[in-house]
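This report refers to the structure that appears directly beneath it.
These numbers were taken from a predicted model, which means no experiment stands behind them.
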Amino acid sequence: MKDNFIRDGIRGNLVVKDFVPATKIGKFDLKVEPHKKKITVIVKIFYRFIDNTEDQLSWSMNEKNEFKRNARRVILEKWANNYKIRCTKQNWEEFVMDINFVIAEVNNPAYCRYIVEVKKLARYKSSGGINHGMVPHVCGVNNFANEIDTTKNQERIFNYKEGLLRSGLRSLLPAGDGDYITFSSDQHILTSGMKSYLDRFLTVVRARRTPDVLGIKAYIIGLKGKNDSTFTYNLESRRANSVANYINQRIVGDNFAIVANTSQQWAKDAVTFLKTRDRNHTVSGQDGGVLIVIRTPHNVDRTVPHKYIVMTHEFGHMLGLPDEYFGVHSNSTMAKLRLDNVWPSTIRSQRVSTGNKRLREMQDGFTQMATQANVSLPNLISKTTIVKRPEAEQTYQEIQDKNDQITRRKQQLKDTFGQNSWAYKKYKDSHPRLYAPPSTEAISNSIMHSGSDIQKVHFVTIWSALCKATETHLDVTEWEIVPAE
């Protein structure tokens, strides 16, 4: 059977033409060459350059050729060498397929799959989009589409990546308790089990704390529990130092773990929130330990370098990938997002938007492929998503409750003594309306949202085309997406 598979590849039989993924957008050809361990993805495009008569700007031949060269360069630099697709069938493991992208320019729009219309603008503008309702499909961009987009909000992407790190820590244990490590009574020495647990956390840190967000720190707060003796000297500090030292010995160079105490308000809020959890930690509970708080010091610039490039995003659409900034429009997508549980619950879409059939069908298809390929979905958060840490959610609710109490008391005084009474006026002046701390906004750093990050799920359309091309030899469960070495 393996020989037949290789022979079919040599004969050119393992191909799909004009493949449209389950998202119902995108169109490309795919060729499989098992003897070369290679998959070739071919996107056929035709360029149409549009002059700007209003500003009297026209395209020269050199400018057209330069735009096409740059488009090819930025697309291949971003999409090539990220992932491979590996065969998992027993004795077929040798087939670890490289993915080769070919942007094939055609001279006649009748033979292309995408017309790329490039308008010439006098001033920078971030814009792009694909009309999949036309055949061939039309991708509209401008002359700045190959340049880094400087309009994306850097702070919101920083907030998102900070949330990913915090979520990665908390999700190490059920119910989001992964940021608390318990110690035996009166102990501060790390056990082998604790070290293994911290090693899991450090794996998350290395994956998600990228060089552009090294300002994010892990603050280690030592705490006593009821099982700890009141006479143990400085136990909280010794516990915190044990954890911080272990982390910093393995994350070298930038003092990632910082020992802290509850003298500052943010730390008090974090410990207060800890006490509300089901496990009922510390003070009111039995288990002493350390709380790890992921946060960024106030003197750190909460920005990341601009990396988003319009053409690399639009190429993702040509591969059949949907935009990720419209929120969730599919019940199946919401169910899988909750099942995957890899993104921060504080910034994950909490409800399904309704009314847009096209977005729902697109996300249903995307979810179907991701489920079959056994990969996690990206975070489909809207551009207006507000991030609230659980601590902030609790503070917000407390303030709302206090405002409700104040409103009720003012109404009572007003009804009893009148609006012009001394009692009413004094209470009103001494009890102004309270306001919660400002919320934090976030946008995803995914290439199909507002950034440049390419995830496994962004290769599911290619995976799906590969499964189609090889269906006479292999089942869909026998191909998996893996990082390129």
Side-chain angles (χ1 to χ4, degrees), residues 21 28 30 32-34 36-41 74-90 92-102 157 160-161 164-165 167-169 171-172 199-214 250-251 304-305 307-309 312-313 315-316 319-321 324 336-337 339-344 366-367 369-380 444-449 451-467 469-470 474-485:
F28 57 89
L30 181 137
V32 186
E33 299 175 278
K36 295 181 179 179
K37 310 293 193 299
K38 186 172 76 172
I39 300 166
T40 302
V41 178
V74 297
I75 290 170
L76 294 183
E77 283 179 355
K78 175 47 62 178
W79 283 93
N81 303 316
N82 287 291
Y83 293 96
K84 298 183 180 185
I85 303 182
R86 177 174 63 193
C87 184
T88 60
K89 185 175 182 178
Q90 188 174 6
W92 289 50
E93 294 89 348
E94 65 197 79
F95 297 113
V96 181
M97 314 298 280
D98 291 319
I99 301 171
N100 180 43
F101 292 99
V102 174
I157 294 179
Y160 179 78
K161 299 184 83 168
L164 291 184
L165 194 57
S167 174
L169 169 62
S171 63
L172 291 176
D199 288 339
R200 289 172 58 202
F201 169 51
L202 293 176
T203 299
V204 174
V205 172
R206 294 185 185 101
R208 300 186 179 182
R209 188 171 173 256
T210 51
D212 52 354
V213 290
L214 292 181
R250 286 153 183 81
I251 303 292
V304 297
K307 294 181 180 180
Y308 179 86
I309 297 175
T312 62
H313 174 94
F315 186 73
L319 297 177
L321 299 172
E324 296 170 9
K336 181 163 172 56
L337 282 169
L339 180 66
D340 292 341
N341 196 30
V342 295
W343 303 109
F366 193 37
T367 302
M369 289 185 292
T371 302
Q372 290 175 334
N374 194 29
V375 296
S376 299
L377 284 173
N379 195 359
L380 303 171
S444 168
N445 66 323
S446 164
I447 195 167
M448 300 311 297
H449 196 293
S452 63
D453 185 41
I454 293 182
Q455 303 159 22
K456 275 187 181 182
V457 72
H458 294 137
F459 278 69
V460 293
T461 57
I462 298 171
W463 172 90
S464 182
L466 171 64
C467 292
T470 60
L474 294 159
D475 188 75
V476 296
T477 60
E478 295 173 322
W479 288 112
E480 68 171 348
I481 304 167
V482 296
E485 297 298 333

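Leu377 and Ala370 make their closest contact through CD2-CB, 3.8 Å (heavy atoms, listed as atom of the first residue, atom of the second, distance). The two residues Ser464 and Met369 come nearest to each other via the heavy atoms CB-SD, 3.8 Å. Among all heavy-atom pairs drawn from Leu30 and Ala465, the shortest one is CD1-CB, 3.8 Å. Closest non-hydrogen pair, Pro21 versus Gly320, comes out as CG-CA, 4.0 Å. Of all heavy-atom pairs spanning Leu172 and Arg200, the tightest one is O-NH2, 3.3 Å. The heavy-atom pair separating Ile454 from Tyr83 by the smallest distance is O-OH, 3.3 Å.
The line from CG of Asn100 to NZ of Lys36 is 10.0 Å long, rounded to the nearest 0.5 Å. For the atom pair Gln455 CD and Asn82 CG, the distance stands at 11.0 Å (nearest 0.5 Å). Distance CG/Leu474 to NZ/Lys89: 5.5 Å, rounded to 0.5 Å. Rounding to the nearest 0.5 angstrom, the gap separating the CZ atom in Phe28 from the OG1 atom in Thr40 is 12.5 Å. To the nearest 0.5 Å, the span separating CH2 on Trp463 from OG1 on Thr461 amounts to 11.0 Å. Taking CD1 of Ile39 as the start and CD1 of Ile85 as the end, the distance is 4.0 Å to the nearest 0.5 Å.
With Lys307 as the partner, the side-chain contact (heavy atoms from CB on, under 4.5 Å) test is satisfied by one option alone out of Asn445, Asp453, Asp212: Asp212.
Looking at Ser376 and Lys336, their side chains never come closer than 4.5 Å, going by heavy atoms from C-beta outward. In this structure, the side chains of Phe315 and Val74 stay at 4.5 Å or more apart for every pair of heavy atoms. Residues Lys38 and Met97 are not in side-chain contact: their nearest non-hydrogen atoms beyond the backbone lie 4.5 Å or more apart.
Under 4.0 Å is where a charged nitrogen must lie from a carboxylate oxygen, and between Lys84 and Asp98 at least one such pair does.
Side-chain atoms of Thr371 come within 3.5 Å of backbone N or O of Thr367 as a donor-acceptor pair. Between the side chain of Thr312 and the main chain of Tyr308, no donor-acceptor pair closer than 3.5 Å is present. Although no hydrogens or angles enter the test, the distance criterion places a donor-acceptor pair under 3.5 Å between the side chain of Lys78 and the main chain of Ser452. Side chain of Arg86 to main chain of Glu480: no donor-acceptor pair is present (N/O by atom type, distance under 3.5 Å, no hydrogens or angles).
Aromatic ring pairs are classed by plane angle as parallel below 30°, tilted from 30° to 60° and perpendicular above 60°; the pair His458 and Trp79 is perpendicular. Under the 30°/60° scheme for interplanar angles, the aromatic rings of Phe101 and Phe459 are found to stand perpendicular.
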side-chain contact (heavy atoms from CB on, under 4.5 Å) assessment of Val32 paired with Leu466:
CA-CA 7 Å; Val32 186; Leu466 171 64; 3.5 Å; yes
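Within 6.0 Å of CD on Glu93 lie more than 12 heavy atoms contributed by other residues, nucleotides or ligands. Around atom CG of Asp199, more than 12 heavy atoms belonging to other residues, nucleotides or ligands sit under 6.0 Å away. The number of heavy-atom neighbours closer than 6.0 Å to CG of Asp475, taken from other residues, nucleotides and ligands shown, is above 12.
Under the 3.5 Å distance criterion, with hydrogens and angles disregarded, a donor-acceptor pair is assigned to the side chains of Ser446 and Glu324.
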